[in-house]
Structures are given as structure tokens and as C-alpha cells.
Amino acid sequence: MPATLFVYGTLLAPELRRALLGRAVAGTPAELDGYACFRVRHAPYPAIAPVPDATTAGELIGDLLPADLDKLDAYESAMYRRRVVTTRDGAGNDVEAFTYVIDEAAVQRLSDEHWDYAWFRLHKLERYLKAL
């Protein structure tokens with residue numbers, strides 16, 4: 001059965017998803033309540049952690065097969081754990097999806113800065129694509 005994933009960081013870039021999965025995977029706007037998105041210290045990528053009253057903007061990508069999730073798990077590394085969360089799609093409907101949450105053992109790696117996707121696209125995306 002295909003899975004749905006809520007993405008909020010580097011995986012917002014369609015080019016990166018295509019490079020990782022070998023095919024285009026469209027995203028649709030969504031939000032995740034109860035989590036905040038922070039830049040990881042000394043890194044150009046983010047992680048989310050539970051924060052009451054916070055909301056993280058992102059996208060839902062669907063039709064992911066187990067092999068796709070395996071590739072995404074490898075990309076995300078051991079610093080993250082794939083969890084099931086309830087997101088809200090652009091129409092306000094609740095949608096259950098997987099997402100990657102920072103592992104409790106790595107929470108100290110989070111900065112207090114919110115992550116900026118536009119900055120990542122402008123300054124780091126090309127390097128990520130070349131590395132893949």
C-alpha cells in the first residue's frame with residue numbers, strides 16, 4: 001500500500017526528490033501542528049521537534065512505495081526517526097502521514113534558529129544535487 005510523507009526541509013525541493021527516488025513526486029501544501037522546524041547546528045538542513053502551539057509548514061508527497069521509503073530513510077540518516085503524524089492538507093483535512101523527526105538523542109544538535117527553505121535553495125541545493 002503506498003504511503004504519504006510530510007516533508008518540511010530539503011525534501012521540499014522537487015529536484016532533490018527526483019534525484020533520490022528516480023522519478024518526479026509532486027507535493028501539495030500541508031501543515032503539521034505541535035512541531036517546530038529548526039536549523040541543525042553547523043548544518044544547512046533542518047529537523048523538527050515537538051513544540052506545543054507550534055506549526056510547521058511543508059508538503060505532502062504520496063504514492064511512496066516501501067523501496068522509496070528505504071531510500072528516504074537512508075538519505076535522512078540515523079539522526080532522524082520516521083514517525084506517523086496527523087497533518088492538515090491545504091483544504092483543512094486531517095491526513096495521516098509519515099515524517100522525519102529528530103531522534104531524542106540528537107535534540108541537542110538543534111539551534112534556536114528557524115530553518116529557511118529559500119536560503120537553502122539559493123545557497124545549498126545545487127551542492128546537494130551534485131552529491132547525489
Side-chain angles (χ1 to χ4, degrees):
M1 178 176 196
T4 300
L5 180 70
F6 174 79
V7 297
Y8 56 85
T10 61
L11 290 174
L12 286 170
E15 309 93 318
L16 190 62
R17 295 193 302 252
R18 181 191 268 296
L20 285 168
L21 300 176
R23 61 186 170 88
V25 180
T28 59
E31 293 183 328
L32 175 61
D33 292 330
Y35 289 83
C37 183
F38 299 102
R39 187 182 61 78
V40 173
R41 283 190 179 98
H42 312 294
Y45 51 83
I48 59 171
V51 174
D53 300 323
T55 298
T56 295
E59 292 182 353
L60 291 170
I61 58 174
D63 296 324
L64 298 173
L65 302 173
D68 297 327
L69 293 173
D70 290 344
K71 291 173 187 175
L72 294 167
D73 288 350
Y75 171 74
E76 290 295 350
S77 81
M79 188 174 85
Y80 299 87
R81 294 290 175 249
R82 183 165 28 105
R83 305 272 188 241
V84 175
V85 293
T86 301
T87 65
R88 191 174 49 257
D89 68 15
N93 300 309
D94 287 348
V95 178
E96 248 190 27
F98 288 115
T99 197
Y100 291 97
V101 178
I102 194 163
D103 186 82
E104 289 181 21
V107 168
Q108 75 281 0
R109 293 193 56 195
L110 292 179
S111 72
D112 58 357
E113 299 172 40
H114 288 278
W115 187 74
D116 184 344
Y117 175 65
W119 179 88
F120 172 79
R121 278 199 70 83
L122 184 63
H123 298 284
K124 300 295 181 181
L125 178 58
E126 194 62 36
R127 180 181 299 163
Y128 271 60
L129 292 172
K130 286 179 183 175
L132 294 174

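Just so it is clear, the values below take in all heavy atoms, side chains as well, and ignore hydrogens, waters and symmetry mates. What you see is a predicted model, and the numbers here were worked out from it, not measured in a lab.
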### Message
Tell me which pairs pass ring pair (Phe, Tyr, Trp, His ring centres under 6.0 Å) where either residue lies in residues 2-36, with sequence neighbours left out.
### Response
none
#### Entry: Heavy-atom side-chain proximity of D33 to T86 below 4.5 angstrom
no
### Task
Could you tell me whether the side chain of Y45 reaches within less than 4.5 Å of the side chain of M79, counting heavy atoms only?
yes
### Query
So, the side chain of Q108 versus the backbone of A105: is there a donor-acceptor pair under 3.5 Å, distance only?
yes
### Query
Looking at L129 and A19, what are the two nearest heavy atoms and their distance?
CD2-CB, 4.3 Å
### Task
Step by step, work out the side-chain contact (heavy atoms from CB on, under 4.5 Å) result for V40 and L110.
CA-CA 5 Å; V40 173; L110 292 179; 4.1 Å; yes
### Query
From I102 CD1 over to I48 CD1, what is the distance, rounded to the nearest 0.5 angstrom?
10.0 Å
### Query
Are R82 and L72 side-chain neighbours, meaning at least one heavy-atom pair lies under 4.5 Å?
no
### Task
Identify the two heavy atoms, one from P46 and one from G9, that lie closest to each other, and give their separation to 0.1 Å.
CG-CA, 3.6 Å
### Message
For residues 52-103, which residue pairs pass the ring pair (Phe, Tyr, Trp, His ring centres under 6.0 Å) check, not counting sequence neighbours?
### Response
none
### Query
In terms of hydrophobic clustering (I, L, V, M, F, W, Y; side-chain heavy atoms under 4.5 Å; direct or indirect links), are V107 and L32 co-clustered?
yes
### Task
Can you tell me which residue pairs pass the side-chain hydrogen bond (donor to acceptor under 3.5 Å, both in side chains) test with a partner in residues 56-71, sequence neighbours excluded?
R17-E59, R23-D68
### Query
Would a distance-only check, ignoring hydrogens and angles, find a side-chain to backbone donor-acceptor pair under 3.5 Å from W115 to P44?
yes
### Summary
Correct closest heavy-atom pair for L125 and A13 would be CD1-CB, 3.8 Å
#### Entry: Approximate separation, where rounding is to 0.5 Å, of R81 CZ and D73 CG
10.0 Å
### Message
Check for me, please, whether L16 and L122 land in the same ILVMFWY cluster - side-chain distances under 4.5 Å, paths through other members count.
### Response
no
### Query
If you measure from OG1 on T28 to CG on L60, what distance do you get to the nearest 0.5 Å?
5.0 Å
#### Entry: Residue list, ring-ring contact (aromatic ring centres under 6.0 Å, His included) with Y128, at least two apart or on another chain
F120
### Task
Could you check if a side-chain atom of L11 sits within less than 4.5 angstrom of a side-chain atom of E76, using non-hydrogen atoms only?
yes
### Summary
With sequence neighbours left out, the residues meeting ring-ring contact (aromatic ring centres under 6.0 Å, His included) with F38 are H114
### Query
Backbone N or O of A97 within a donor-acceptor pair of the T4 side chain at under 3.5 Å?
no
### Message
Is it the case that over 12 heavy atoms from other parts of the model lie below 6.0 angstrom from the CD atom of E15?
### Response
yes
#### Entry: Under the side-chain contact (heavy atoms from CB on, under 4.5 Å) test, residues paired with A91 that sit two or more places apart
D89, N93
### Message
Would you say L20 ends up clustered with L65 if hydrophobic residues are merged whenever their side chains have heavy atoms under 4.5 Å apart, either directly or through other cluster members?
### Response
no
